[in-house]
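Accompanying notes for the structure given below.
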Amino acid sequence: MMNAPTGYGKRRLGVMGGTFDPIHHGHLVAASEVAHHFDLDEVVFVPTGRPWQKADQVVSAPEDRYLMTVIATASNPRFSVSRVDIDRPGPTFTIDTLRDISEAHGPDTELYFITGADALAQILSWRDVDELFTIAHFVGATRPGHHLHDPGLPEGRVSLLEIPALAISSSECRQRVASGEPIWYLVPDGIVQYINKRGLYRRLED
Ligand code: ATP
Ligand code: MG
């Protein structure tokens, strides 16, 4: 009898964690490109609770970030949003995100954690880094201005994927709103409208 190749028949689930303050087209293109390249069945976006890397920064309310993520992904049948991080008390650690998602989907699902190459470069400083690599394959999306310096990542568990250069960041979107500049087409239309409706980012220190 022939052995099935490893992972054969398993569901492939992308996990895209982020602050999403706000979600923008860079996030959406990265998720879409990785989904295509790795033949993922679904990508679940996971807005962070309190991101420990951004402990010194003011971050919008989790419910606003969650709703913006839902609005931005609603039209794509392969995109979904998870509340695991915003419903878990305390700061968000990626290991907890992956454990929760992995438990929710069971052993027949392979996880692909999608992250920007900038974040991937810090990965070795993360908590429980060895377990991280056993739970998920890591995909680093290279984005303009960020290059991987530290190659000390485990072989076979990390891939890099160059995605179309979209020099968009949430920080720039927030700064633009604060100074009255447009963010049309940097974020989905519904996100422009949600930001206006809720008065987000008008003053950056709010
Ligand atoms: P901020 O400017 O506040 O840091 P951000 O734009 O980096 O926000 P995050 O929510 O922090 O957005 O990012 C979530 C994930 O998406 C991270 O892994 C980040 O590296 C990646 N990412 C963000 N912007 C892009 C982009 N333009 N292209 C590809 N990946 C991106
Ligand atoms: Mg960032």
Side-chain angles (χ1 to χ4, degrees), residues 14-38 40 43-73 79 81-82 84-86 91-95 97-98 101 111-126 132 136-150 153 158-179 181 183 185-188 191 194-195 200-201 204-206:
V15 179
M16 175 97 190
T19 316
F20 302 132
D21 191 21
I23 190 165
H24 54 68
H25 279 129
H27 298 131
L28 295 163
V29 167
S32 162
E33 284 295 296
V34 175
H36 173 72
H37 190 84
F38 291 92
L40 305 182
V43 177
V44 54
F45 288 70
V46 193
T48 53
R50 207 147 41 82
W52 61 271
Q53 303 97 324
K54 298 185 180 179
D56 53 336
Q57 291 171 34
V58 181
V59 172
S60 301
E63 218 58 42
D64 282 325
R65 294 183 291 106
Y66 170 76
L67 284 174
M68 287 191 280
T69 309
V70 169
I71 290 165
T73 57
F79 285 177
V81 186
S82 165
V84 285
D85 283 352
I86 60 172
T92 293
F93 293 94
T94 300
I95 187 68
T97 310
L98 289 175
I101 300 272
L111 301 186
Y112 289 74
F113 187 77
I114 306 163
T115 182
D118 54 334
L120 195 56
Q122 303 169 14
I123 216 168
L124 294 176
S125 70
W126 289 1
L132 279 178
H137 189 93
F138 276 66
V139 183
T142 57
R143 60 194 276 207
H146 296 278
H147 305 282
L148 266 193
H149 299 296
D150 188 345
L153 299 163
V158 181
S159 313
L160 293 181
L161 185 65
E162 227 174 276
I163 62 157
L166 275 184
I168 307 175
S169 68
S170 298
S171 333
E172 200 198 332
C173 293
R174 295 192 300 272
Q175 273 155 18
R176 282 178 155 266
V177 174
S179 53
E181 291 170 305
I183 56 168
Y185 315 116
L186 298 174
V187 301
I191 301 306
Y194 186 88
I195 289 169
L200 301 179
Y201 316 128
L204 278 187
E205 58 280 10
D206 280 355

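Since the model is a prediction, treat every value here as computed from it, not as a measurement. Any value given below was found using the heavy atoms of this structure, including those in side chains, with hydrogens, waters and symmetry copies removed. In each ligand, atom 1 is the first atom listed, and ligand 1 is the first ligand listed.
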Any N/O pair [X]/ligand 1 closer than 3.5 Å:
X	value
Ile163	no
Phe20	yes
Thr115	yes

Have a look at ligand 1 and work out which part of Ile23, if any, has a heavy atom under 4.0 Å from it: side chain, backbone, both or neither.
neither
For ligand 1, indicate whether the residue Glu172 contacts it via side chain, backbone, both or neither (heavy-atom separation under 4.0 Å).
neither
[X] heavy atoms, cut-off 4.0 Å: which ligand 1 atoms fall inside?
X	result
Gly18	10 (O), 14 (C)
Arg174	3 (O)
Gly17	14 (C), 15 (C)

Below 4.0 Å from ligand 1: does a non-hydrogen atom of Ala167 turn up there or not?
no
If you round to the nearest 0.5 Å, how far is [atom2] of [Y] from [atom1] of [X]?
X	Y	atom1	atom2	value
Ser169	Gln175	OG	CD	7.5 Å
Ile86	Glu63	CD1	CD	5.0 Å
Asp64	Asp21	CG	CG	8.5 Å
Phe113	Leu132	CZ	CG	8.0 Å
Ser171	Tyr201	OG	OH	10.5 Å

Determine, considering heavy atoms only, which of His25, Arg65, His27 sits nearest to atom 16 (O) of ligand 1.
His27
Hey, looking at atom 6 (O) of ligand 1, which of Ser170, Pro164, Ala30, Ala31 has the closest heavy atom?
Ser170
Going by side chain to side chain donor-acceptor pair (under 3.5 Å), name the residues that satisfy it together with Thr97, two or more places apart in sequence or in a different chain.
Asp85
Exactly one of Val43, Val34, Val81 should register a side-chain contact (heavy atoms from CB on, under 4.5 Å) with Met16. Which one does?
Val43
Arg65 and its side-chain contact (heavy atoms from CB on, under 4.5 Å) partner, picked from Thr48, Ile23, Val70
Thr48
